[in-house]
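Only one structure is covered here, and it is reproduced in the block below.
Just so it is clear, the model here is predicted, and its values are computed rather than measured.
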Amino acid sequence: MAHEVRTRPLPPTAAQAEATPGPTIMDRVDAVLEGLWHFLASMRFAMVLILALAFLGLIGSLIIQAPPGVLADPTGEQKQQWLNEIGQMGVPVVTWLHGLPVIGSVVPDLRYKDVARPFDTLQLFQIFNSIYFRVVVAALVISTVACSVHRIPGMIRTATKPRIDVAPGFFEHAPQHEAIVVRRSPAETRSILEATLAGKRYRTLGVESDGAVSLYADRWRWAPFAGLVGHLSIVVILAGGIVGATMGYRESQFTIAEGATLPVAAEPGVTIQLLDFTDTYDTRTGAPSDYASTVVLYKDGTEVDRHVIRVNDPLRYGDTTFYQAFFGSAAVVTVKDATGATILSEGVPLAWRTTNDNRPIGSVSIPGTDNVAWIYGTNGAGDTSIAPGQVRMEVYNGDGASVGEALLDQGKAGTVAGLTATFERESQFTGLNIGRDPGVGLVWLGSFLLFGGFVIRFTMPHKRLWARIVPRPNGAVVGVASLGSKEVALGTEFESLVNDIRQALAAPAGS
């Protein structure tokens, strides 16, 4: 009878324990740094950062963003004025309908004034300049660089010192493989095989082992580095975006009524005056044919430029460009205080729309007070609330509380919040995109690199082929294999190359 005896290993002696010391502090530091490197270079981390960037972009598109001119004011007065002006606007949210997100819904009872302070503290009104956005972009740049650097040594080895001798089982299990029986010597077979591959512009490398000949052939061996160029292009584009965000200026909602003069935050001491706006349409189709804003630029009160801005003809002053973006109606109002002194007389662009009845609306701060006046326009002849030739003025204090409202007929004065207000006439306003972007050159360079990388990767893919020549009586067996996928196009190319090899090996000697 056999007996099974189980033994337990003896504990190490003191001498053995002393001979195998634990890891040192530097070993632990190296392990931590290596783990951090692999974490930064991982594709999962990059995907998380891309999703985070998309999420921040979604927030920035849903929540109204403060104009750069407001953020650039060192006193903070323009920001407070802007917060007061948007206090009565509904806050866009994401709601869910049958399990799907509905973007852009508005909660009528939730106003920006109710969330202005926490939103401002969390930098939600400047999401693309927030610390969150910059940290995510910086992390994505670091991750992209780490991923690219991590791949470089392997790519260099593949291009300069590829593996030539592969296991025999590779020629049976590779995605694409063929076997050819020939009646030629291994040396002659190798010569014909190398000549055929050279005719297809393949580089060939070979070794001999145990009488068998292993060959490696590739084409466009440096093409994979185009992928690194694509990664570099993302870094360059992000760098251009960071430079543009930190050193540039962008205001996409600059509105100015005819006859008004407003400062340009992008250029200190520069003001812009809108002399006239005209929009013309095709008389046959009614399609718009031209939008033109006649403007004058002043530098410290002196005219420096005069230009008619059109969609494809912007105004450029220094590094700042003024683009024609949109237009609409404006209400020219005059406001007098209790003494009869005129404190406001200008056109108010009705550049927004109410959420409940899609009514044109605009706002203006009343000088000398913390009050904001909202001007509501008419919806046309069928409007029973505000008829053509009328506007409604609602005045709110700095806390967002209503302090008065009045329906104003054109040319007739009305009293609202202790002030005398008159709707003088209807006018027009123009909307301009004002931008100064020092990073645009980097963005163009990155875009060019990205396009070039994609072109190279898709038009010159790295093609690799392994062959093994095994001698046999009266000839040899040639195994050919590739790692290419079984897609129709790639499969056809592999089959065509194998057919050329087969025909070359089957041809009579000396042909």
Side-chain angles (χ1 to χ4, degrees), residues 64 84-90 104 106-109 111-113 253 255-260 262 274-281 283 286-288 291 293 325-338 340-367 369 371-397 400-431:
I64 188 172
N84 292 340
E85 290 181 356
I86 68 168
Q88 298 305 307
M89 296 179 61
V106 177
V107 179
D109 298 331
R111 303 292 177 178
Y112 273 114
K113 67 180 178 62
Q253 298 293 326
T255 57
I256 179 172
E258 289 179 323
L262 296 178
L274 177 63
L275 299 180
D276 178 63
F277 175 83
T278 57
D279 53 314
T280 56
Y281 301 85
T283 56
Y291 304 140
S293 300
F326 55 98
F327 68 96
S329 60
V332 180
V333 296
T334 300
V335 179
K336 299 180 180 180
D337 60 15
T342 299
I343 59 176
L344 176 68
S345 181
E346 63 180 62
V348 179
L350 306 181
W352 296 334
R353 290 279 176 172
T354 58
T355 57
N356 54 351
D357 54 4
N358 199 34
R359 184 180 302 281
I361 183 177
S363 65
V364 62
S365 296
I366 300 178
T369 69
N371 294 341
V372 175
W374 285 86
I375 309 298
Y376 294 79
T378 180
N379 270 337
D383 193 339
T384 58
S385 299
I386 303 176
Q390 292 180 329
V391 296
R392 185 172 75 245
M393 176 183 288
E394 297 180 0
V395 180
Y396 297 86
N397 61 21
S402 176
V403 295
E405 64 176 81
L407 188 64
L408 304 177
D409 292 311
Q410 184 173 343
K412 297 181 180 179
T415 302
V416 54
L419 304 171
T420 302
T422 305
F423 170 38
E424 304 290 351
R425 59 185 175 84
E426 185 176 342
S427 180
Q428 285 187 301
F429 77 88
T430 188

Minimum heavy-atom distance [X]-[Y], with the two atoms named:
X: Gly404; Y: Val416; result: C-CG2, 3.6 Å
X: Val348; Y: Val333; result: CG2-CG2, 3.8 Å
X: Ser365; Y: Pro367; result: O-CD, 3.3 Å
X: Pro349; Y: Ala330; result: CA-CB, 4.0 Å
X: Leu350; Y: Ala331; result: CG-N, 4.4 Å
X: Glu394; Y: Glu405; result: CG-CB, 3.8 Å

Using only atom types and a distance under 3.5 Å, with no angle test, would you say the side chain of [X] pairs donor to acceptor with the backbone of [Y]?
X: Ser293; Y: Phe277; answer: no
X: Arg359; Y: Gly377; answer: yes
X: Thr342; Y: Leu344; answer: no
X: Ser427; Y: Val332; answer: no

What I'd like to find out is whether the side chain of [X] reaches to under 4.5 Å of the side chain of [Y], using heavy atoms alone.
X: Asp279; Y: Gln428; value: yes
X: Asn371; Y: Asn397; value: yes
X: Glu426; Y: Ser329; value: yes

**OP:** On the 0 to 90° scale, with breaks at 30° and 60°, tag the Trp352-Trp374 ring pair as parallel, tilted or perpendicular.
**Re:**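 Geometry flag for Trp374 against Trp352: tilted rings.
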Nearest 0.5 angstrom please: [X] [atom1] to [Y] [atom2], how far?
X: Tyr291; Y: Thr278; atom1: OH; atom2: OG1; value: 11.0 Å
X: Asp383; Y: Thr378; atom1: CG; atom2: OG1; value: 4.0 Å
X: Leu262; Y: Ile256; atom1: CG; atom2: CD1; value: 4.0 Å
X: Met393; Y: Leu408; atom1: CE; atom2: CG; value: 5.5 Å
X: Lys336; Y: Leu419; atom1: NZ; atom2: CG; value: 12.5 Å
X: Lys412; Y: Leu407; atom1: NZ; atom2: CG; value: 11.0 Å

Subject >> cation_pi(Arg392, Tyr376) dist<6.0 Å, angle<=45 >> reply: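 Yes, cation above the ring, under 6.0 Å and within 45°.
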